[in-house]
Amino acid sequence: MTAATPIFARVALDIPIAPWFDYLVPDDLVDRLQARDWVLVPWGRGRRVGLVIEVGNQPELSPDKIRPIASLIEAAPRPDAAWLELVEFAARYYHRHRGEIALPALPRLLRTPPTARARGCAFERARKRAAVPAPIASSAAPASTELVELNADQQAALDALLASKGFAVHLLHGITGSGKTEVYLRWMAHILARDSQAQVLMLVPEIALTPQLAQRVGERFPGLEVAVLHSALGEADRAARWLAAADGRARLVIGTRLAVLAPLPALAAIVVDEEHDPSFRQQEGVHYSARDLAVAAASLRGIPVVLGSATPALESWFSARRGRYQVLTLPARATGAVLPNLRIVDARGAPGPASLTEVARTAMTAALERGEQSLVFINRRGFSPVLSCQSCGWLSQCPDCSAYRVLHRTGARSRGGARYSLQCHHCGAASPVPRACPECGNVDLQPLGAGTQRIEQELVALFPGARVGRLDRDVASRRGAAEKVLDSFHAGTLDIVVGTQMLAKGHDFQRLALVVVLDADAGLYAADFRAPERLFATLTQVSGRAGRAAPELAPRGEVIVQTRYPEHPMFAALKAHDFAGFADALLEERREAGLPPYRYLALLRAEAAELDEALAFLAAAKRAAAADGESWSEITIFDPVPMPMARIAGRARAQLLADSPSRQELHRFVAAWLLRLDELATRVRWQLEIDPNEI
Ligand code: ADP
Ligand code: ZN
Ligand code: ZN
């Protein structure tokens with residue numbers, strides 16, 4: 001190429017205003033720069049990391065306005081074409097720009113432009129770290145781990161997986177403890193052995209669970225490079241592991257939702273464990289579903305994907321019922337244990353809405369006497385969800401949110417001097433507990449209801465001598481504290497553990513006999529249409545922690561679910577361990593109500609200082625949609641309404657729902673609508689979400 005023809009590059013940046021930006025390719029890069037290279041480009045007075053999407057000689061701007069690329073980030077591997085296709089798919093599907101998908105997927109260290117002093121070093125530094133084997137699990141473990149013999153159902157599932165060619169979605173529906181993980185491990189072993197380059201991606205919902213899983217994997221695949229990717233890692237560590245994955249050196253990549261966008265050059269298979277889990281939904285920036293993107297990635301690469309769960313998402317169940325996904329069923333527990341016996345107990349007789357009933361106390365006493373462990377589940381952290389004045393009705397409302405501030409014990413219980421504060425779980429603000437009611441001066445303020453801390457206190461009082469532990473996000477925020485509780489419970493040095501859903505998922509507690517669920521009603525009559533599905537999943541998960549050990553080692557597990565609505569049909573299905581019946585009935589309800597998966601949703605959210613402002617914007621947005629020349633006969637646009645949490649941190653929030661029986665039509669509509677929304681000059685902050693998780 002002669003120097004006379006200037007060459008330009010289209011570069012995607014994480015900036016919402018345009019799909020790409022034109023840059024001049026400097027002479028020294030003309031022969032080297034290619035699509036999918038990572039580059040540093042000038043932006044305003046600073047620099048940014050960008051992704052080259054095209055190199056050519058036809059800029060959109062007049063060439064004299066175009067600035068040159070600052071540098072090529074040589075240490076960053078160039079992702080393969082299939083990865084860019086996935087980014088493009090996500091950008092189209094969620095109606096955002098490629099840069100808004102691709103750049104946030106980079107570890108922060110790699111997407112932060114280097115300072116002038118440390119030019120271009122982040123990648124190189126990370127690469128040096130990556131040269132040292134990543135500190136995961138014990139690759140010193142014995143090379144010949146005794147493998148259990150698969151049972152017939154597991155073998156059938158594995159055979160089906162091994163027989164699948166090209167793109168296929170398998171829904172591994174296995175009850176809790178049925179040996180799904182064992183099936184994933186065998187399948188992954190086959191794929192890794194079949195091709196010495198192949199990479200496998202395993203997505204998991206919870207960071208708290210990855211250490212146990214990583215250890216199990218480390219023991220199973222000694223010597224194999226495994227990269228564990230999650231957001232709790234230090235930045236340098238995360239960058240090093242990401243590079244190992246992107247280089248193709250890490251053969252097995254285990255990660256939370258962000259890992260789905262890691263460029264894996266030799267990706268040969270994907271596992272999504274606990275595929276129903278809401279944490280697969282990205283909540284910042286582009287709200288994508290990592291499970292859905294995993295399926296898209298598999299389709300684009302022509303490889304198989306396994307979605308595993310005891311309680312599949314209704315969308316997945318629907319696809320299975322329609323024959324789009326292949327169902328593999330593990331109907332029994334792998335150790336031979338039977339599912340726990342489940343009792344639904346009317347909580348209206350309990351001293352408080354979230355305290356232990358007589359039935360639960362008796363069962364816990366009996367478990368303690370037999371030397372068995374119990375787990376008490378309450379999905380609410382803190383001491384009490386609200387502080388109240390009995391004399392005038394004052395409640396500890398957060399001044400900035402439509403929520404109460406939660407009473408938290410902040411001082412250590414054992415040191416006698418318990419201190420408390422009021423904390424808002426939505427805006428994060430905290431305030432001291434008032435000495436007297438701010439309204440009437442009454443000094444006798446009462447906590448209403450209970451959270452994990454209060455239950456812990458109640459358990460200590462009820463069962464003197466029992467060793468009681470607690471696990472929730474407050475505990476987990478102290479480094480190593482969550483691991484300590486889990487390790488003690490595994491080791492049997494705790495008799496009772498109380499906690500939130502952090503305790504519910506994935507753990508294989510071998511000595512746990514009894515699970516007590518307090519206040520199972522939160523969610524039963526919630527506004528969100530997915531609430532019953534979620535509650536069923538959570539209760540199934542937490543129940544599934546009980547009685548997992550082989551029958552010759554431990555008695556059948558027991559679960560006590562306390563509720564004020566024992567006659568609710570969901571509990572009958574839960575008691576019968578009948579997910580299929582429950583899911584089919586729920587699907588029928590969704591069909592009648594015109595809800596997903598029978599219809600497709602787009603949700604426009606607006607945020608402003610005043611609710612009226614947000615609602616007015618949404619009303620204008622609705623008019624803008626109608627003003628379109630097209631009739632959009634297959635689109636329904638509902639009225640703007642305040643969100644269930646109408647105010648957070650002083651900002652009013654409202655939403656407008658659009659839906660359609662046709663996915664294609666919805667996307668066509670949204671694309672046209674967005675152009676008009678961009679024209680509405682407004683101080684309102686808004687965002688459009690496809691397939692919203694909550695409405
Ligand atoms: P899931 O992922 O379905 O919850 P796991 O794979 O963790 O189940 O298995 C649950 C327990 O059963 C584990 O302790 C595991 O070692 C054991 N297990 C799995 N498969 C078998 C088998 N075929 N025979 C005996 N035990 C098994
Ligand atoms: Zn008062
Ligand atoms: Zn608040």
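When a ligand or atom number is given, it counts from 1 through the structure's own listing order.
- Put simply, H426 stays out of reach of the Zn ion (ligand 3), with no N, O or S atom under 2.8 Å from it.
- Of the heavy atoms in T181, both backbone and side-chain atoms come closer than 4.0 Å to ligand 1.
- Under a 4.0 Å criterion applied to the non-hydrogen atoms of N151, ligand 1 contributes the atoms 23 (N).
- For ligand 1, none of its N or O atoms has an N or O atom of T176 under 3.5 Å away.
- The protein non-hydrogen atom at the shortest distance from atom 20 (N) of ligand 1 is Q154 NE2, 3.0 Å.
- Between T335 and ligand 1, not a single N/O pair is under 3.5 Å apart.
- Here is the list of ligand 1 atoms found below 4.0 Å of a heavy atom in D508: 11 (C), 13 (C), 14 (O).
- The contact set between ligand 1 and A334, taken as ligand atoms under 4.0 Å from a residue heavy atom, comprises 12 (O), 18 (N), 19 (C), 20 (N), 21 (C), 24 (N), 25 (C), 26 (N), 27 (C).
- Only one option out of T452, T500, D519 pairs with R380 in a side-chain hydrogen bond (donor to acceptor under 3.5 Å, both in side chains); it is D519.
- D159 and Q155 share a side-chain donor-acceptor pair at under 3.5 Å.
- In this structure, G174 has no heavy atom closer than 4.0 Å to ligand 1.
- Side-chain N/O atoms of Q282 and H287 include no donor and acceptor closer than 3.5 Å.
- There is no side-chain donor-acceptor pair under 3.5 Å between E607 and Q687.
- For atom 3 (O) of ligand 1, the closest non-hydrogen atom of the protein is K180 N, 2.9 Å.
- Interface atoms of ligand 1 facing Q510, defined by a heavy-atom separation under 4.0 Å, are 14 (O).
- Side-chain N or O atoms of S309 include one that pairs as donor or acceptor with a backbone N or O of T311 at under 3.5 Å.
- Among all protein heavy atoms, the one lying closest to atom 9 (O) of ligand 1 is G179 CA, 3.6 Å.
- Within ligand 1, counting atoms from 1 as listed, the ones closer than 4.0 Å to a heavy atom of E149 are 22 (C), 23 (N), 24 (N).
- Residues Q541 and T176 have side chains that never bring a donor and an acceptor to within less than 3.5 angstrom of each other.
- At a heavy-atom distance under 4.0 Å, no atom of V183 approaches ligand 1.
- Backbone and side-chain nitrogen or oxygen atoms of G177 are examined, and one is located within less than 3.5 angstrom of a nitrogen or oxygen of ligand 1.
- In summary, H425 places no N/O/S atom under 2.8 Å from the Zn ion (ligand 3), failing the contact criterion.
- A side-chain donor from one of Q390 and S388 sits under 3.5 Å from a side-chain acceptor of the other.
- With no hydrogens or angles considered, a side-chain donor-acceptor pair links W317 and D584 at under 3.5 Å.
- Ring-plane geometry between H507 and F509 is classed as parallel, the angle between the planes falling under 30 degrees on a 0 to 90 degree scale with a further cut at 60.
- Atoms of ligand 1 found under 4.0 Å from any heavy atom of R216 (numbered from 1 in listed order, with element): 5 (P), 6 (O), 7 (O).
- Screening S396, S421, S431 for a side-chain hydrogen bond (donor to acceptor under 3.5 Å, both in side chains) with R405, the sole residue that qualifies is S431.
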